[in-house]
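Being a predicted model, the structure only gives us computed values, none of them experimental. Order of the sequence lines sets the chain letters (A, B, ...), proteins ahead of strands, with each chain counted from 1.
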Amino acid sequence: MSQTTAARPRPEWVTTLITTVASLILAFLVSAVVMVVSDAEVAATWTYFFAQPGDALSASWDKISSTLYAMYVGSLGSWVAITNTTAEAAPLICAGLGVAVAFRAGLFNIGAQGQAMVGALSGAFVGFTVTGLPLAIHLPLVILVGLLAGAVWGAIVGVLKARTGAHEVIVTIMMNYIAANLLAFFMLQKAFQAPGRADPISPVLEWSATMPRIADTRLHLGFLLALLAAVLVWWLLDRTKFGIHLKAVGLNPHAAATAGASVSTVTILTMGLAGGLAGLAGVQVVTAPELLTGFPPQMTGTIIGTLGFDAITVALLGRSRPLGVVLAGLLFGALKASRRTMVTMADTPDKLTDLIQALIVLFVAAPAFVAWLLPFLRERKVKRASVPIAKVAEA
Amino acid sequence: MSVDIVPTTVERARVESPESRTQRISTGVLITVIGVLLLWMAFTVDKSGQIALSDAFADVKLPTLDVPGTATVLLSALLVLGAGVGFITGRLSARLRFVAGVAAGAGVLVGFIVWAAASSSLPFTLTSQLNLTLEYATPLLFGVLSGVLAERAGVVNIAIEGMFLTAAFAASLTFSITHSFVAALFAAALAGVMMAGVLALFTLRYLVDHVIIGVVINLLASGLTGFIYQQLVAKNLAAYGTVQPMQAWRVPGLESIPFLGPILFTQKPLTYLGILAVPLVWFLLFRTTWGLRVRSVGEHPHAADTVGINVVWTKASAVLLGGLFAGLGGAYFTVGSVGAFQDNNPTAGNGFIALAAVIMGRWNPVLAALMALFFGFARALAQTTKLMQLPIPSDFIEMLPYLATIIAVAGLVGRVRAPAADGMHFVKSH
Amino acid sequence: MPVTAQHDAPVLRLRGITKRFGSLTANDSISIEAVPGRIHCLLGENGAGKSTLMNILFGLLEPDEGEILLGDKALTLTNPKQAMAAGIGMVHQHFMLIPVFTVAENMVLGHEPGRAGMLDLASARALVRDLSARYKLDVDPDALVEDLPVGIQQRVEILKALAHDATYLIFDEPTAVLTPQEIDELMAVMRTLRDEGRAIIFITHKLREVREVADDITVIRRGKVVGQAAPETSEAELASMMVGRAVDLKVHKAPAQPGDDRLVVEDLVVASPTGAIAVDHLSLTVRGGEIVCIAGVQGNGQTELAEALLGTMRPLSGRVTLDGVDITHSKPVDTIKAGLGYVPEDRHRHGFVGEFSIAHNLVLNNLDEYSKFGALDLKKIRDNAQARIKEFDIRHGGSHDQEVRSLSGGNQQKVVLARELSRPLSLLIASQPTRGVDVGAIEFLHGRIVEERDRGTAVLIVSTELEEVESLADRIAVMYRGRIVGIVPPDTPRDVLGLMMAGVAYDEAVATTKGAPA
């Protein structure tokens, strides 16, 4: 077959960048529409749009701009706000790496939620029961325990997948529920409850089990640990034999097996690593100092929130690449950091961040859809629709 | 044509492959372990168990059975152990192995229920357990059908949860405004179909990985319903968040049958609908032209394409019909049971459980519906035994369906075959 | 039934068909015609664009330029339904049958009998019985397609096309999966259909078949028609038209000088994951310095044998030794270390990771050599890539960082072979080493395999192409249903090999072929 000479195609990273930026803009636009439509007062002004178009437009614009401004104030508006963003980003990055690493091995880890739960629970337990240790020993111990607990929780899935072929998506979902039930159970045991309390809340963690921070900010050691984790994951994936095997298993497990890689071993180790990273994220949540008190929040049954599912969005937006995960983690961290100001300054429900997050990944996951919506972004030569993230997960 | 050297079918000697051997033995070990556990449990009770056949409010009172505790649990344990040993030794034929599996399951159920009854001062109310089973299974039945339809057409449906959630919200909002169940169910079905439409559009037209888009749809559903709830509903609960839930419809005549009446014939209309939908979907899939085509695009879309079937639309039709069922199932979580939508994860992962039931039911609507009943039973068990003050915390009993799912996908379903092109993209080739 | 085959049916013409995929022009202004009562052979190498052209004719793809004429009427074919309505039928290279459906279900799919959307399987069964009686092609309507041997599956595929009484029948590479005897049967079927007044387009790259059955021949190269030929044209001439230069169809090799036994397989039994016995008490010895070819129709256990030797499948019983060391239950990582070189049958699935660079694929199964304490030695990997690319003449667009999936089939296979041959081997197993590879690369690959033999390596080739087996083998082991039917010299007559491939023992096969009129 003959190759006709064609213009050099756009480099892949440029396409990725364009799609990502377009996805962000689209997500904000759609969210703005939902925001206007579902606000009873603003929507009411649209009912007499033809009589007084000014009302509708200005009411809508007020709603949108005040929300955006509140988001800016909450996430970037001050030094404290910026450190709020980094503090929110740290667990997202760690858990996002956990999902991303699994993606690269062709495994869809929906279990970051459960892995973070057991990580947080066991880390916190060591944090408030062990006393009298110096920070240099206690904090690493807490981190290690949480990381290992998460790793075990993840590795169970890896073992089941490798030994029996059980699909990891189903197993991780079920492991999330089991973790949630375990958490609910333990938080009602005496050993885990704050003295004198009957509800599921733990004692305050020891000072020696708290991430050191720059005074009066929320920039703490955890954020540096998250960056370090990203660098380590990059090195592992790109510069080691194990990384080659991991990616080969993800892209073509048959070829990997034929080339002598053990698919079972890679699966188990990868799920262990993924679980460990999510466990680390869980530890971050329970050891990060609060702005005012300087102490971490007490462990509760709901402290993990939706971290594990946010992690999936982080990994998807970050294209399962460590650098991408860091950037995506910072973006979603900023969204989370802006939740309080959104409610207090703009009277916009903080659930908006969940909506924006979901819309971003919806668009990011479907570059072909974005290209259809915004045809001017397309290259002149029509290229075969290739979906980089989808590829990774599919393999 | 001339000499026929080739035989018309392949007959090949079959043996147990190393893979199925490992699987058989691990299943056997698992069953044996459960048997041993049951054996031990038999000796933790020292009185008989009370099994109530009617609850306190029943029209027809039935006697409460008094079952010997240790003896019954012991007997069940031995049954389970026997099945486990049968698996391990490999002496059983495939058919007998199935029987042994069923026997083990029955043994575990009977053993556990009698043990629970014998360990508590309260009786175990069998009617309310079974009635609750149907109640909890209702949304699962719809979810299972949604999953079966999509997956038979080759689209992995992990978005059932998101369809449930959107439909639950739509039903609640519509009912609050219109005070009509018909309108609410219609809105729910429409919401389900719309979410299914997103799934179909992104998997079939934009070729996004099915699992990824499924997860994203679930997040989107949660973000969308959560935000609109906070922004619109929570600010005016009287107008947008007031629902009188659907009442049970007592089937005239049948409801007074002792024992069965209170279980089967005092359910909500949605439950009856869910039960009827199962044979309907079976019929659609296996007895109609459309069903044959749906199954063909799930197995080998290119072959379907070469005989002139519109692959994309066939897949889409199955996914959308599935969305309709998931929508009805979603309505159950608000107007069908508790009332108004609450922003506290009302669907509670039922969509994922439904997906698990689809896989455990081997993509067959009837088997999958039975699995849905099993999950309903397990959840009902946690509910029924909560008040009985059992020596096991209820958190652990609540874990049972999840553990059962893991065991099932690891032990039993490993060798089951999904539709061959499930999750694959259909792109016309060169 | 829309059209009935007649001798006076109009001619079906493709005129100036052009089809592009991105920057690739698969068909470049091709014109051919299908004349009722004639068999028209479309001859071309793999990737020459034959299948693309036929998919256009069958409505599966739409051309960018050109037109399709039935008589003097222009046809618009945007889906197979329209093609079928116009009397066009196709027997696909990869059967378009649904394995878990019955023959009857497959036969009616897309044109189901029945009222109000209900499926009427009884009339589907009756249709199958009618057709198989009418064309004397015996099939069981209730058999599941996956339980049928490939030869019978092809019958179903042919009957499916005939169910619509197609006047214009396309056979896309139909012989790849058949034994020589089955090929003869198929040729007979094609002639019968032609004599009934149907137009047959027969797509192939096998010269012998073309010469045997064609009435007209069109040769296609790189998406263009390069010429017509008469059936009397010699094989060498057809080959040079097909490839674009004179080709040497013979493999040049000195007589083998076998040494000691290197690979010894004793009584090996391998079962597929479903429990079917794929390799059935098989014993085989390969000596150093010889090429043993396993001949046989696809699906007779060759794949499982190769995978069991490598270690990706676990044997049930038996013993395999390589240079005296037991490797029966070794994993791939160990057999590779023991000096096993492995070229898999399906290179896309097993041979390489398409998204990885050439450089990484060249060291994929030898990473220990190219890393220190688990960390990759990037320079060493790069140097190796440059050396291998040069040595094996791997043609790539830019650098060794290019993804392997962007290379042509022949160059992809060179990457696999370069990786395997770049370390000292005691045994080379190559399955279908030249499948989907253009003729130029075939010569090169065969040469390298012979070179490896001459270095004293034991070579085991699995091939379903008899031409390849005959030209490469020092000994031929014919495999049928998991067993070795016999081991014969490479000059064994083809009809004897054919009978052996259907399970007939050597002596009996020789007797049968002697008895039959030549």
Rounded to the nearest 0.5 Å, how far apart are NZ of Lys241(A) and CG of Asp377(C)? 14.0 Å
How long is the gap from OG1 on Thr240(A) to NZ on Lys372(C), to the nearest 0.5 Å? 15.0 Å
Quick check on the interface: out of Gly374(C), Ala375(C), Pro332(C), who has the most heavy-atom pairs with chain A under 4.5 Å? Gly374(C)
Does any non-hydrogen side-chain atom of Leu367(C) lie less than 4.5 Å from one of His245(A)? yes
Between Leu310(C) and chain A, which part of the residue has a heavy atom less than 4.5 Å away: side chain, backbone, both or neither? side chain
Between Asn361(C), Leu364(C), Asn366(C), which shows the greatest number of heavy-atom pairs under 4.5 Å with chain A? Leu364(C)
Atom OG1 in Thr258(A), atom CD1 in Ile336(C): separation rounded to 0.5 Å? 8.0 Å
Measuring heavy-atom distances to chain A, does Phe352(C) have an atom under 4.5 Å in its side chain, in its backbone, in both, or in neither? backbone
From the list Asp346(C), Val333(C), Thr335(C), Asn27(C), the residue making the most non-hydrogen contacts under 4.5 Å with chain A is Val333(C)
Compare every heavy atom of Val353(C) with every heavy atom of Ala248(A), then report the nearest pair and how far apart it is. CB-CG2, 3.9 Å
Side-chain donor/acceptor of Asn365(C) to backbone N/O of Ala261(A), under 3.5 Å: no
Take a 6.0 Å sphere around CZ of Arg423(C) and say whether it holds more than 12 heavy atoms from other residues, nucleotides or ligands. yes
How many angstroms lie between atom NE2 of His254(A) and atom OG1 of Thr312(C), to the nearest 0.5 angstrom? 10.5 Å
Examine distances only and state if a side-chain atom of Asn252(A) and a backbone atom of Arg349(C) form a donor-acceptor pair shorter than 3.5 Å. yes
